[in-house]
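Each chain gets a letter, A, B and so on, in the order the sequences are listed, and its residues count up from 1. Atoms considered below: every heavy atom in the structure, side chains included; atoms not considered: hydrogens, waters and symmetry mates.
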2 protein chains.
Amino acid sequence: MLSIGKLSRATGVKVPTIRYYEQIGLLPEAERSSGNQRLYGRRTQERLAFIRHARELGFALEDIRELLALADDPERSCAAADRIAGRQLAAVNARLRRLEALRDELERMLAHCSSGRIADCRVIEVLGNHALCGHEHATGDDLSA
Amino acid sequence: MLSIGKLSRATGVKVPTIRYYEQIGLLPEAERSSGNQRLYGRRTQERLAFIRHARELGFALEDIRELLALADDPERSCAAADRIAGRQLAAVNARLRRLEALRDELERMLAHCSSGRIADCRVIEVLGNHALCGHEHATGDDLSA
DNA sequence: ATAGGATCTCTAGTCGCTATAGCTTCAAGG
DNA sequence: CCTTGAAGCTATAGCGACTAGAGATCCTAT
């Protein structure tokens, strides 16, 4: 049985994050030692590794909750898992296209900037005047970069 | 002078977001009508359009705060604006590389899934066993996709 | 005059953690 | 056996960038 710290080192998931996953029910409530400290066995370690890998692939915690439920039930059809992964792939592709457009516009902005006075700065100018962009950008929900 | 709703329609920024920008000091406190409703002139409208465009390019609000300060001072050197945009470009490029790796792994997972039982599902299997991936992924701070 | 949309303030919720405070427990060294 | 310091515990608050809701007020059109 591993302490939370050892589990953290073994999986690369930080201690408070492990406790958080338990709190939101992604990990089962841990067994406790006589002194009330969490103890973990192999099963939970594997579960946590699964969660971590899925997070690295960008799955949302709610998706991971579903994937875990599927993984727990090996007789079910994996169509649902496929659907979740397919949705994730589509989201990643959408994000890729959007980021490529942003990269292009940032490069254009920077290429034209002569690093002189602000009054002549292409960066500031383009930001202030959308008509100077080469294209439309997404207007909606995906503004983080 | 525009009401907040008209400013919202004119710029594509939602009403609560405009109020939020005022609250955090990104927009100046609006003038008020006799009935205490916000009124906006051309200057604020331009400022908001600038903010929106920068957000679309993925700049953080704190970066935008700096860029706005620079835009307000046309005699200054635009080296600082260049630096901010360059940093943003580097972040976008890093994110692009990472997303491409994710896309590749998701595609591999999906390509090998025969849509049969969970027990044979490549998607679940790869998530559970990191050794099955073709590569390392980022371990750190950029897990959203 | 009134109906209904727009606006006001304030609070709380989202996601996935991360940080802090103030406590208890555990493991190693003397 | 005792001490010390690391590691653990709970609970709460904060991050970024909004979004949603409640309940009150205002403005406009008929």
Atom-to-atom span, [atom1] of [X] to [atom2] of [N] - whole angstrom:
{"X": "B:I4", "N": "D:dC27", "atom1": "CD1", "atom2": "P", "value": "15 Å"}
{"X": "B:L48", "N": "D:dC18", "atom1": "CG", "atom2": "P", "value": "11 Å"}
{"X": "A:M1", "N": "D:dA7", "atom1": "CE", "atom2": "P", "value": "21 Å"}
{"X": "A:L2", "N": "C:dC26", "atom1": "CG", "atom2": "C1'", "value": "16 Å"}
{"X": "A:E22", "N": "C:dC17", "atom1": "CD", "atom2": "P", "value": "15 Å"}
{"X": "A:Y21", "N": "C:dT18", "atom1": "OH", "atom2": "P", "value": "8 Å"}
{"X": "A:Q37", "N": "C:dC23", "atom1": "CD", "atom2": "P", "value": "18 Å"}
{"X": "A:E31", "N": "D:dG8", "atom1": "CD", "atom2": "C1'", "value": "17 Å"}

Can you name the nearest heavy-atom pair linking [X] to [Y], along with the distance?
{"X": "B:A10", "Y": "B:Q45", "value": "CB-NE2, 3.8 Å"}
{"X": "A:R95", "Y": "B:R95", "value": "NH2-NH2, 2.7 Å"}
{"X": "B:L110", "Y": "B:V123", "value": "CD2-CG2, 4.3 Å"}
{"X": "A:T44", "Y": "A:P28", "value": "OG1-CG, 4.4 Å"}
{"X": "A:L39", "Y": "A:R32", "value": "CD1-C, 4.2 Å"}

It should be established whether [X] places a side-chain nitrogen or oxygen under 4.0 Å from OP1 or OP2 of nucleotide [N].
{"X": "A:S3", "N": "D:dA7", "result": "no"}
{"X": "B:K14", "N": "D:dC18", "result": "no"}
{"X": "B:T17", "N": "D:dA17", "result": "no"}
{"X": "A:S33", "N": "C:dC26", "result": "yes"}

Across the strands shown, which category fits [X] at heavy-atom distances under 4.0 angstrom: base, sugar-phosphate, nothing?
{"X": "A:R38", "value": "sugar-phosphate"}
{"X": "A:S8", "value": "nothing"}
{"X": "A:R32", "value": "sugar-phosphate"}

Taking the nucleotide of DNA chain D with the closest heavy atom to each, which residue, A:N36 or A:Q23, is nearer the 5' end?
-> A:N36
Hey, which of these two, A:P16 or B:R19, hits DNA chain C nearer its 5' end, going by closest nucleotide?
-> B:R19
Any idea which of D:dG8, D:dC18, C:dT7 is nearest the A:V15 side chain?
-> D:dG8
Consider the side chain of B:S34, meaning its heavy atoms from C-beta on, and name the nucleotide among D:dC27, C:dT18, D:dA17 that approaches it most closely.
->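 It is D:dC27.
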